[in-house]
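To start, the structure under review is shown below, and the notes come after it.
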Amino acid sequence: MRVFWVTMVFVLFGLFGMGYAQQYIRTSVQEILLSMEDIEKALYAEDVEKAEATYHASCEKYVHMLNKLTLFMHHNELTEVRVILGRLGIYIRDKNWSDARASFAEAKIVLMAVAEQERVELKNIF
């Protein structure tokens, strides 16, 4: 009987941990996407100073969250987002607005896909 209760405690602890991880990933991705909205506005306005300032602020926020996100997510997706953001910074610096918009859209899609991929559902398990 004790084995049953110990097993139940471990199962509940695992479920609680998965729920916390999923919630943390979703809120972190939403915070990053919200901080990136100013970059999008600056890219379409073709304002270099505002784009660079908001880009650096968003990258700092991403790097700050990166340490905790590595506990819950695959490292290759986080590295991919970091590479995309690096390209975005280069495009902003060079005033290559069309490539900057494309890189921004790619970063946004990858971040949303990461949040979707880490959700606990049957289709993600099998």
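Residue numbers count from 1 along this sequence.
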Taking all non-hydrogen atoms of both residues into account, name the closest pair between [X] and [Y] and its distance.
{"X": "L111", "Y": "V29", "value": "O-CG1, 3.5 Å"}
{"X": "E46", "Y": "W97", "value": "CD-CD1, 3.5 Å"}
{"X": "R93", "Y": "E52", "value": "CA-OE2, 3.8 Å"}
{"X": "S58", "Y": "S35", "value": "OG-O, 3.0 Å"}
{"X": "R87", "Y": "E106", "value": "NH2-OE1, 3.2 Å"}
{"X": "K95", "Y": "V48", "value": "CE-CG2, 3.6 Å"}

With rounding to the nearest 0.5 Å, note down the distance linking CD in E60 to NE2 in H56.
8.5 Å

What distance separates I92 CD1 from S103 OG, expressed to the nearest 0.5 Å?
8.5 Å

Among the clusters formed by ILVMFWY side chains lying less than 4.5 Å apart, do Y24 and M112 turn up in the same one?
yes

Linking I/L/V/M/F/W/Y whenever any side-chain heavy atoms sit under 4.5 Å apart, do Y91 and Y62 land together?
no

Ion pair K108/E40, N-O distance below 4.0 Å
yes

Verdict with reasoning, E49 to D47, per side chain to side chain contact (heavy atoms under 4.5 Å, CB included):
CA-CA 6 Å; E49 289 103 23; D47 185 3; 3.6 Å; yes

Passing option when M36 is tested against D38, I32, L34 for side chain to side chain contact (heavy atoms under 4.5 Å, CB included)
I32

If you define the side chain from C-beta out and look only at heavy atoms, does anything of [X] sit under 4.5 Å from [Y]?
{"X": "I90", "Y": "N96", "answer": "no"}
{"X": "V81", "Y": "L85", "answer": "yes"}
{"X": "L33", "Y": "E37", "answer": "no"}

If you apply the rule side chain to side chain contact (heavy atoms under 4.5 Å, CB included), what do you find for L88 with L43, and how did you get there?
CA-CA 10 Å; L88 176 62; L43 288 177; 4.3 Å; yes

Taking T54 for the side chain and K50 for the main chain, is one N or O donor matched with an acceptor at less than 3.5 Å?
yes

